[in-house]
Amino acid sequence: GPQDASTCFPLGEAVLRPGLDAEPELSPEEQRVLERKLKKERKKEERQRLREAGLVAQHPPARRSGAELALDYLCRWAQKHKNWRFQKTRQTWLLLHMYDSDKVPDEHFSTLLAYLEGLQGRARELTVQKAEALMRELDEEGSDPPLPGRAQRIRQVLQLLS
């Protein structure tokens, strides 16, 4: 099993029995590589054990979701933050989810509309095209849109950009 590592690595035995020179000498570089490999494997086994014990779920690493990062990006833009710089991935996320009030809450949507005013070129064209397509879909669905908030957002974006 994994806990009996010495059988997997005869090298360890060579170190234990210096009298037997059956093992070729490792250069310092090879030694380092090997140690790194072993360390990595030990770490992996350790993680596996923790996972099985259910310990990992309690403290996931502090990676923020795309939603948080995108909304943070938007807020920094609104505050004319000195560290703000254009980031395509954040803008793409916002454009993709802006009609979904679960992803982009109302208090952020007005900021997003202001941000959209600055949209240029291809991004602007595509945003208008998408909004028009969504509007057509809503019209085809008949009188009462299933998500009135969404319809309103689409109208606002169209009014703003076209």
Side-chain angles (χ1 to χ4, degrees), residues 1-3 5 8 28-162:
Q3 59 275 32
C8 308
E29 180 54 29
E30 287 171 321
Q31 189 70 40
R32 268 201 302 277
V33 168
L34 191 80
E35 279 166 13
R36 265 206 304 271
K37 210 162 138 186
L38 293 178
K39 197 171 165 185
K40 215 168 164 181
E41 281 172 14
R42 276 200 301 275
K43 253 186 142 146
K44 201 169 150 188
E45 284 169 15
E46 182 65 20
R47 269 202 309 271
Q48 185 66 39
R49 269 201 302 281
L50 287 174
R51 249 205 309 280
E52 283 161 9
L55 293 172
V56 176
Q58 290 160 13
H59 46 210
R63 280 200 56 179
R64 302 204 302 158
S65 66
E68 283 180 294
L69 292 168
L71 293 173
D72 190 42
Y73 169 80
L74 188 63
C75 292
R76 285 208 314 275
W77 171 83
Q79 293 156 3
K80 305 280 182 275
H81 207 284
K82 62 179 186 306
N83 295 337
W84 186 88
R85 64 180 207 292
F86 173 72
Q87 287 179 280
K88 192 176 170 68
T89 43
R90 305 283 167 253
Q91 176 172 296
T92 303
W93 188 96
L94 289 165
L95 294 178
L96 205 59
H97 299 288
M98 63 182 172
Y99 302 114
D100 181 344
S101 54
D102 291 335
K103 299 246 169 67
V104 180
D106 287 339
E107 65 268 20
H108 288 293
F109 187 69
S110 50
T111 309
L112 184 52
L113 281 174
Y115 177 87
L116 290 182
E117 277 187 280
L119 265 194
Q120 289 161 0
R122 192 90 184 101
R124 195 181 182 100
E125 286 166 39
L126 288 172
T127 303
V128 170
Q129 282 169 15
K130 185 181 172 184
E132 284 169 347
L134 290 170
M135 206 70 225
R136 277 196 300 278
E137 275 173 38
L138 284 177
D139 290 342
E140 284 158 19
E141 278 167 23
S143 53
D144 51 322
L147 300 162
R150 191 160 188 252
Q152 192 190 346
R153 285 186 175 196
I154 296 168
R155 271 192 209 97
Q156 285 177 289
V157 168
L158 278 173
Q159 279 167 357
L160 178 78
L161 295 180
S162 26

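Computed from heavy atoms alone, side chains included, the values below leave out hydrogens, waters and symmetry copies. Sequential numbering from 1 along the given sequence is applied to the chain's residues.
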**Q.** Minimum-distance pair of heavy atoms, taken over all atoms of A70 and W93
**A.**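 That would be CB-CE3, 3.3 Å.
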Q | E68: partners by salt bridge (charged side-chain N to carboxylate O under 4.0 Å, His left out), with sequence neighbours left out | A |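 With neighbours one apart ignored, the set is empty.
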Solution key, residues 106-120 side-chain donor-acceptor pairs under 3.5 Å, sequence neighbours excluded:
unit_1	atom_1	unit_2	atom_2	d
D106	OD1	R153	NH2	2.8
Y115	OH	Y73	OH	3.0
Y115	OH	Q91	OE1	2.7

Short N-O contact, [X] and [Y], less than 4.0 angstrom:
X: R64; Y: D72; result: yes
X: E46; Y: R49; result: yes
X: R32; Y: E35; result: no

Spacing of [atom1] belonging to [X] relative to [atom2] belonging to [Y], to within rounding of 0.5 Å:
X: R150; Y: L134; atom1: CZ; atom2: CG; result: 5.0 Å
X: L69; Y: L74; atom1: CG; atom2: CG; result: 12.5 Å
X: H97; Y: K103; atom1: NE2; atom2: NZ; result: 5.0 Å
X: R76; Y: R85; atom1: CZ; atom2: CZ; result: 8.5 Å
X: L126; Y: L95; atom1: CG; atom2: CG; result: 9.0 Å

Q: Walk me through it: do K40 and K37 pass the test side chain to side chain contact (heavy atoms under 4.5 Å, CB included)?
A: CA-CA 5 Å; K40 215 168 164 181; K37 210 162 138 186; 5.7 Å; no
Q | M98 vs T127 side-chain heavy atoms within contact, under 4.5 Å | A |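 Sidechains of T127 and M98: in contact.
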Q | L158: partners by side-chain contact (heavy atoms from CB on, under 4.5 Å), with sequence neighbours left out | A |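 Expected list: V128, A131, E132, M135, I154, S162.
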Q) On the ring face of W77, is K80 found with NZ or CZ under 6.0 Å from the centre and within 45° of the axis? A)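 That pair qualifies as a cation-pi contact.
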Q. Checking side chain to side chain contact (heavy atoms under 4.5 Å, CB included) for the pair D100/V104: CA distance, chi angles, key distance, verdict?
A. CA-CA 6 Å; D100 181 344; V104 180; over 6 Å; no
Q) Does the pair R42 and E45 meet the rule for a salt bridge (Lys or Arg N to Asp or Glu O under 4.0 Å), with working shown? A) CA-CA 5 Å; R42 276 200 301 275; E45 284 169 15; over 6 Å; no
Q: Verify the neighbour count for atom NZ of K88: are there more than 12 heavy atoms of other residues, nucleotides or ligands below 6.0 Å?
A: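 No, the 6.0 Å shell around NZ holds no more than 12 heavy atoms from other groups.
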Q: Walk me through it: do L161 and Q156 pass the test side chain to side chain contact (heavy atoms under 4.5 Å, CB included)?
A: CA-CA 9 Å; L161 295 180; Q156 285 177 289; over 6 Å; no
